[in-house]
2 protein chains.
Amino acid sequence: MKFHQLRYVHEVVRQQLNISAASEALHTSQPGVSKQIQLLEEELGLQIFQRNGKRLIGVTEPGRKIVALAAKVVLEMQNIKRVGDEYSREDTGELTIATTHTQARYRLPAAVKQFMAQYPNVKLTIHQGNPAQVTEQVASGEADIGIATESISKDERINCLPCYEWNRCLVVPPEHPLLKSNELTLQALARYPLITYDFAFTGGTLVSKIFHDAGVQPNVVFTAIDADVIKTYVNLGLGIGLIANMAYDAVRDAPLHSLDCSHLFPNSTTYLGVRRDAFLRDYMLNFITMLSPQYDKRTVQHALHQV
Amino acid sequence: MKFHQLRYVHEVVRQQLNISAASEALHTSQPGVSKQIQLLEEELGLQIFQRNGKRLIGVTEPGRKIVALAAKVVLEMQNIKRVGDEYSREDTGELTIATTHTQARYRLPAAVKQFMAQYPNVKLTIHQGNPAQVTEQVASGEADIGIATESISKDERINCLPCYEWNRCLVVPPEHPLLKSNELTLQALARYPLITYDFAFTGGTLVSKIFHDAGVQPNVVFTAIDADVIKTYVNLGLGIGLIANMAYDAVRDAPLHSLDCSHLFPNSTTYLGVRRDAFLRDYMLNFITMLSPQYDKRTVQHALHQV
DNA sequence: TCAGGTTACGCCTGGCGTAATCATG
DNA sequence: CATGATTACGCCAGGCGTAACCTGA
């Protein structure tokens, strides 16, 4: 049983059972991949893939176990390589961060700037997506670090660290009637068309739960992943926007006004997550401390079980 | 980076850094192992082993990480092989059980007999040791299943299942004064020289804690791992024996008498543990159900996280 | 007919074993 | 000197790529 064979199986699965695509991704010939997979199946004495004639059309029952184990092995091998890099070509490598728009746009820039200055030879990539996608990217190893709210901390495959707390604010056009009322309530809020994040009302998240518990039905007319998009539409007079408070800046976002909502919703916590058994390069740990200066490296290492 | 190289590193560490011994264990030549390890070190750009001239005298800091990861990979590869065996040469293989004397002698025989009848082609091995050794063997993968009391359930690397509960009894020679007293107490017990398991008083275990909490100092004159040894010495009149109640049988152990102690000590639970990320062959799961018929296979699978 | 997979075959890398050499206690 | 690691070297398995061939949609 060769390590290559496991990589091949792993990649074929990742490429939706397309051997040609896998061989391309692996920079090798297609017959080679085909052959090695056959040899592995022969050695193990079982079929990993279901075939219809010559096409792969699925993964067999035992195949699923093999695929899962192969994925683990591939990850461990990556980790070993990383340990090598860590102790030799110090301070060069890659860092992939998966996060949501709000974090990428409003919270990460300072840390990223600092990081790039300190590690000019690390190739930094930011993957943007909704919380579920962030979680998946971290769990699959596509991203080294994921930054998102709550949901990421509930995944068994991911170790998490609370990063910081935040709340929401309402952005409204100038002269909006809500600016004159003395106290903002859920009821008042529900009277106007609402524009907010598209994931705020999926999967029983916090915001939807608060409305539901209060027996108030908000009038959500439009959703986006993107606070900037939301503000744009608020500017057009299509409604009022409910966004993270860090996404509003009085000067930059004039003429919009903001109304604090922290009395309506409990604080949310943004978590940072890494895959359970990923090895973190030193610069990765340092990035985390740049993002969350309240932790030192030792604390981070401990919290993320990098023993 | 070849899989073989990781096996080599793993085995060299297991053999106390003796490359010759490792090459023997791996059925290959010593220069081969030496070479491959050098190649791996070269590829990773770091030293795994500390060398004094040509002798290996230790594992470097990064080496420790590599060794740990290599061990994981080796284990996963074993698991993959097992999946293969599971679905092809059904019902042949090996099963290694690590357990303490008491379990091996008094509790396992029935299950073992049943198992051997059903799986004549599975090579069954029982490793005997104290609870700490059992734990270590399971954690290291030397044993597939470990059966021991409490301590095994506290190891992070092991998934456990409570197997059954038991308590202790006192074995005394015939005509012993304790046979005439109406109620057995810790104080009464402490008046006589005591013979018991050697691990009963190490590491703050249950028995020692009970005595300590009651402010009673037992007079332990002799310890053994083995209830049979203990009974032998009780027979010689060297003291009274405190053993697991399942280890006493009125007929077989005559002329010794027993006194129930379940009012003095809380029940102990015997746990069955498997390594966190080990793949369990079907016959292994069946062995567990034979030992603990109160669970069905599905329950066992779930409890041990064999998803 | 074409995308996608397997078979056939020769090249050549690289792993292994043997034998010789070197270092440490 | 004996134990144990490294170096040298030739053999050959086996992985890879090219080319030819097969097969459902």
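Numbered from 1 within each chain, the chains take letters A, B, ... in sequence-line order.
Protein atom CD of A/Gln38 is 11 Å distant from nucleotide atom P of C/dA8, rounded to whole Å. The distance between atom CG of B/Leu40 and atom C1' of D/dT6, rounded to the nearest whole Å, is 17 Å. Atom CD of B/Gln36 and atom C1' of C/dG14 are 8 Å apart (whole Å). Rounded to a whole Å, the NZ atom of B/Lys35 is 14 Å from the C1' atom of D/dA5. Summarising the geometry, the separation between CD1 on A/Ile37 and P on D/dG15 is reported as 14 Å, rounded to the nearest angstrom. In this entry the distance linking CD of B/Gln5 with C1' of C/dC16 reads 14 Å, nearest Å. At whole-Å resolution of the value, CZ in A/Phe3 and P in C/dG15 are 15 Å apart. Between the CD1 atom of B/Ile57 and the P atom of C/dA23 there is a distance of 17 Å, given to the nearest Å.
Taking 4.0 angstrom as the limit, B/Thr28 places none of its side-chain polar atoms (N or O) nearer than this to OP1 or OP2 of C/dG15. Between A/His4 and the phosphate of D/dG14, there is no side-chain N or O to OP1/OP2 separation shorter than 4.0 Å. A close approach under 4.0 Å does occur between a side-chain nitrogen or oxygen of A/Arg51 and OP1 or OP2 of C/dT6.
No hydrogens or angles were tested; on distance alone, a donor-acceptor pair under 3.5 Å links the side chain of A/Arg55 to the base of C/dA3.
Residue A/Leu39 is in sugar-phosphate contact alone, with no base atom involved, counting any heavy-atom pair closer than 4.0 Å across all strands shown. Across all strands shown, B/Tyr8 has heavy atoms under 4.0 Å from sugar-phosphate atoms exclusively, and none from any base. Residue B/Lys2 is in sugar-phosphate contact alone, with no base atom involved, counting any heavy-atom pair closer than 4.0 Å across all strands shown.
Heavy-atom minimum distance, A/Lys81 versus B/Leu44: CA-CD2, 4.3 Å. Summarising the geometry of A/Thr289 relative to A/Asp296, their closest heavy-atom pair is CG2-C, 4.0 Å, with the distance given to 0.1 Å. Counting all heavy atoms, side chain and backbone alike, A/Ile145 lies closest to A/Met284 at CD1-O, 4.0 Å. Looking at every heavy atom in both residues, B/Ile158 comes nearest to B/Thr135 through CD1-O, 3.5 Å. Between A/Phe222 and A/Val229, the closest heavy-atom pair is CE2-CG1, 4.3 Å. Nearest heavy-atom pair across B/Ala117 and B/Pro120 is O-CD, 3.7 Å.
Donor-acceptor pairing under 3.5 Å is recorded for the side chains of B/Tyr87 and A/Glu61.
Within a heavy-atom distance below 4.0 Å of DNA chain C, no residue of residues 67-76 of chain B is found. Within residues 15-25 of chain B, the residues approached by DNA chain D to less than 4.0 Å at the level of any non-hydrogen atom are B/Leu17, B/Asn18, B/Ile19, B/Ser20, in residue-number order.
Put simply, the side chain of A/Leu6 reaches to within 4.5 Å of the side chain of B/Ile80, judged on heavy atoms. With a 4.5 Å cut-off on side-chain heavy atoms, B/Tyr283 and B/Gln118 do not count as touching.
Scanning for ring-ring contact (aromatic ring centres under 6.0 Å, His included) contacts around A/His10 gives an empty result, with sequence neighbours left out. Residues meeting the ring-ring contact (aromatic ring centres under 6.0 Å, His included) test with A/Phe115, sequence neighbours left out: A/Tyr119, A/Phe287.
Without hydrogens or angle criteria, A/Glu43 side chain to B/Gly84 main chain gives no donor-acceptor distance under 3.5 Å.
Salt-bridge check for A/Asp282 with A/Lys297: passed, with a basic side-chain N closer than 4.0 Å to an acidic carboxylate O. Salt-bridge formation is not detected for the pair B/Arg281/B/Glu94: no Lys NZ or Arg NE/NH1/NH2 atom is positioned less than 4.0 Å from an Asp or Glu carboxylate oxygen. A salt bridge does not link B/Arg275 to B/Glu142: none of the charged side-chain nitrogens sits closer than 4.0 Å to a carboxylate oxygen.
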Between the protein and nucleotides 18-21 of chain D, list the N/O to N/O atom pairs that are separated by less than 3.5 angstrom.
none

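Taken over five-pair windows at either terminus, the axes of the helix from C/dT1-D/dA25 to C/dG25-D/dC1 are inclined to one another by 30° (rounded to 10 degrees).
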